[in-house]
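Beneath this line is the structure, given in structure tokens, with notes to follow.
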Amino acid sequence: MERRRWAGDTSTLSTPRILPDAHAEGASGGDTGRMTVFVATSVGEALDALTASKPPEILAGGTDLMVEVNFGRRRPDAIVSIGRIASLRRWRCSGEGDASADGEPPEQRELDVDGVRSAGVVEVGAGVTYRQMTEEALAGLVPALAQAARTVGSPQIRNAGTLGGNLATASPAGDTLPVLLALDAEVVVARADGSRLLPVRELVLGPKRSALAPGELIVAARLPARFGHQEFVKVGTRNAMVIATASVALVVSWEPLDVRVALGSVGPTPLRVPAAEDYACARLDAASGELRGGRADLERFAELVRAAARPIDDHRSSARYRRHAVGVCAERALQRAMRSRQVTLGAGGDRVRVGAQMLPEGESPSEGARWATS
Amino acid sequence: MGYQLRVNGVHREVESEWLGESLLWVLRERLGLMGSKNACEQGECGSCSVLLDGVLVCSCLVLAASAPGCEVVTVEGIAATSEPALGSELSDVQRAFVEAGAVQCGFCTPGLVLAVHDLLDRVPAPDEWEIREAISGNLCRCTGYGRILEAVRRVIAERRADPTVTARGVAEVAR
């Protein structure tokens, strides 16, 4: 695909200066060059725009769609921009008195996730940015979401990219997806004539393929609040500005014991690993925070994770390395969860607060928190 | 097709043949503001960083036609609002970059200047990790970052020594 050429760029000086293809098409008056842009200021307006027989592309933070447009890979006839819809940029927590971000009175309710109760429900608007996810109030409710958001792109990207965009893009490497999958999150999907709740596990069908129908808009994700001990561990080629080679979200609830493991970037969709979850549940001792079989159990846990991965070779990594790496991520995540439990049980719960994470005293922050070190 | 953008405090008419143009393209090619640089066009390099309603973003990832009503601040806006009394057209961050030798080819500099203003206006006394994190989205391939970090430290020290100098530029334009 030919790149647009920039009149001011020295790179064009050695080549004949041409009109950017985008502009040439526009100037020719051909249909391919026309574009309609709707700037929606409410969900209703956006949904109205989406009722068109050929629904416009939805533009949220622009971190995926604008790349495609800039490179001429996608040439939408129409775009509906949802970045200015204030209601999508909020989150709120129901089920407790103090954590409503938008001042609305929280409802009193709990979310029951496979029989394990959370301390309420967090509803995160689709337009909430990665930056917002790392801020303390929301990070305290869903720590792994904050850890995952912290590893996304750069400050500029985290200021722009949104949870809804991550979900709708449905990339296997979407960093928030393993977290949402491990937490059995639900996605609130709206369309002009109603809305539906879609479990995250049913949203992503394959690489960049989602179960969203034309005319539908993700408006929020619903997650359990303060649910278990959460870890997100990601490996990439470096710490900043990197797309995951492999990632793991781990959630351990100790009372009653419940373990969830979800993998990113090692399959066509994010993957849950029931075999590893069941194994960890059987081998963890909540009373000590240890695995009954010690190191051997930890290795078996990682083996089960590796066995569940369905990685591919691509320009970012080999399948073999991805499989290896995802096991290492899972091991580290489980070790951190265990150490946290041991500290809680042993030292009267002394902890230091590091960014968005609660870490046992003396432990250094995980990759997610210390990512700008190289 | 025409629309208005507010750039560096001024309403600008944009005449555009195609509404798919990025804000970066419009700033450079339609409005003649060449300060924001294009290298990657995919949000990787940070050379096109601007403040959009006070938030640091890559202008290459902003659809210009979705930005009417937003306040855009580019590096040109940072320089123009510096205080003449200080005997320089440059903001304190820009001056520190010059003095610390943080500019070689200069291509990444406008984006870094925006990123550093953004950081120091939010966090007046960032630690080393916060500085590194704040500029992690701005790629520089020639200085090696050492002098860029030095420039940031200079600004922090200067602003600490003279609190009246803090946060020039960005805040004023946004007002």
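Predicted model only: the values in this text are computed from it and were never measured.
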Nearest heavy-atom approach of B:Gly137 to A:Ser154 is CA-CB, 3.2 Å
Cut-off 3.5 Å, no hydrogens considered: what does the side-chain donor-acceptor table look like for residues 50-57 of chain B, sequence neighbours left out?
unit_1	atom_1	unit_2	atom_2	d
B:Asp53	OD1	B:Glu71	N	2.8

Heavy-atom closest contact (A:Gln156 atom, B:Ser49 atom, distance) = NE2-OG, 2.9 Å
More than 12 foreign heavy atoms under 6.0 Å from CZ of B:Arg147: is that the case here?
-> no
Provide the closest heavy-atom pair for A:Phe71 versus B:Glu41 in the form atom of the first, atom of the second, distance.
-> CE1-O, 3.5 Å
Show your reasoning for whether side chain to side chain contact (heavy atoms under 4.5 Å, CB included) applies to A:Asn70 and B:Gln42.
-> CA-CA 8 Å; A:Asn70 288 345; B:Gln42 52 184 308; over 6 Å; no
Considering all heavy atoms, the nearest B:Gly69-A:Arg84 contact | CA-NH2, 3.9 Å
Any chance you could measure B:Leu63, atom CG, to A:Met35, atom CE, to the nearest 0.5 Å?
-> 6.5 Å
Summary of side chain to side chain donor-acceptor pair (under 3.5 Å) pairs that have at least one residue in residues 99-111 of chain B, sequence neighbours excluded | none
Going from OG on B:Ser136 to CZ on A:Arg158, what distance comes out if it is rounded to the nearest 0.5 angstrom?
-> 6.0 Å
A:Val39 to B:Ala65 - nearest heavy-atom pair and separation = CG2-O, 3.7 Å
Evaluate the side-chain proximity of A:Thr36 to B:Leu19: yes if any heavy-atom separation is below 4.5 Å, no if none is.
-> no
Taken to the nearest 0.5 Å, the spacing of A:Met241 CE from B:Leu139 CG works out to 7.0 Å
Side chain proximity check, A:Ile157 to B:Leu61, heavy atoms < 4.5 angstrom = yes
